[in-house]
There are 2 protein chains.
Amino acid sequence: MIGVIATLKVQDGKGAELEAAFATLAAAVRANEPGNHAYQLCKSRTEPNTYKVLELYADEDALKAHGAADYFKAAGPALGAVLAGRPEIEYLDGV
Amino acid sequence: MIGVIATLKVQDGKGAELEAAFATLAAAVRANEPGNHAYQLCKSRTEPNTYKVLELYADEDALKAHGAADYFKAAGPALGAVLAGRPEIEYLDGV
């Protein structure tokens with residue numbers, strides 16, 4: 001298992017747009033990636049304008065398939081338009 | 001959905017003990033908590049002696065049921081004996 005924590009900082013007032021764009025992406029992930037076991041957008045309770053995506057993948061191949069998917073690449077512009085900077089991605093090894 | 005990221009710092013050389021104690025706990029969580037959707041121990045790739053648990057719960061009731069479970073309370077001493085400090089727990093609101 002591989003864990004990912006993706007931290008997303010959104011521009012002021014753009015949270016709803018981020019959530020909508022992410023919902024489309026997450027639906028595609030769930031429909032197309034049997035090796036993905038979690039892909040949950042969460043909102044920080046303490047840091048304003050901050051979201052964290054909790055992700056779990058069966059293995060490196062599943063993680064690569066996610067990154068290579070057309071719908072993942074297609075989500076980039078809509079997400080990038082409302083983010084306040086580049087996502088911070090932390091990779092973790094499942095035990 | 002509620003997300004939790006629990007950061008655990010383990011004492012030098014105690015990683016295997018932590019992993020064993022956690023495996024027992026995780027098996028009990030998976031067997032007894034229908035409202036738990038992820039409970040994955042992960043090891044940091046960058047920070048030594050650091051683990052993060054990625055957790056997802058259906059709602060606040062599911063999170064409370066987890067914290068109140070006998071096997072969760074029973075895991076405390078074994079985990080505490082090998083940790084280098086108190087766990088840092090971050091709660092997040094699923095979107």
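Values below: every heavy atom of this structure, side chains too, minus hydrogens, waters and symmetry copies. Just so it is clear: chains get the letters A, B, ... in the order the sequence lines come, proteins before strands, and each one is counted from 1. Remember, it's a predicted structure, so these values are computed and weren't measured experimentally.
Residues Tyr51(A) and Tyr91(B) do not share a hydrophobic cluster, defined by chaining ILVMFWY side chains whose heavy atoms lie under 4.5 Å apart. Linking Ile, Leu, Val, Met, Phe, Trp and Tyr whenever their side-chain heavy atoms come within less than 4.5 Å leaves Ile5(B) and Ile89(A) in two separate clusters. Clustering ILVMFWY residues whenever any of their side-chain heavy atoms sit less than 4.5 angstrom apart, transitively, puts Tyr57(B) in the very cluster that holds Leu25(B). Under a hydrophobic clustering in which Ile, Leu, Val, Met, Phe, Trp and Tyr are joined whenever their side-chain heavy atoms come within less than 4.5 Å, directly or via other members, Tyr71(A) and Leu83(A) fall into the same cluster. When the side chains of ILVMFWY residues are joined at heavy-atom separations under 4.5 Å, either directly or via intervening members, Val95(A) and Tyr39(B) end up in a single hydrophobic cluster.
Separation of atoms CE (Met1(B)) and CG (Leu54(A)) is listed at 10.5 Å; rounding is to 0.5 Å. Remark: Leu92(B) CG to Lys43(A) NZ distance equals 12.0 Å, nearest 0.5 Å.
Val4(A) touches chain B through its backbone: at least one of N, CA, C or O sits under 4.5 Å from a heavy atom, while the side chain does not. Only the side chain of Glu90(A) comes within less than 4.5 Å of a heavy atom of chain B; its backbone N, CA, C and O stay farther away. Using a 4.5 Å cut-off between heavy atoms, Phe22(A) does not touch chain B at all.
Smallest separation of non-hydrogen atoms from Gly3(B) and Cys42(A): CA-SG, 4.1 Å. When every heavy atom of Gly94(A) is checked against every heavy atom of Gln40(B), the shortest pair comes out as CA-NE2, 3.8 Å. Here the closest heavy-atom approach between residue Leu56(A) and residue Ala38(B) is recorded as CD1-CB, 4.0 Å.
Applying the 6.0 Å contact sphere to CD of Glu88(A) captures no more than 12 heavy atoms from other residues, nucleotides or ligands.
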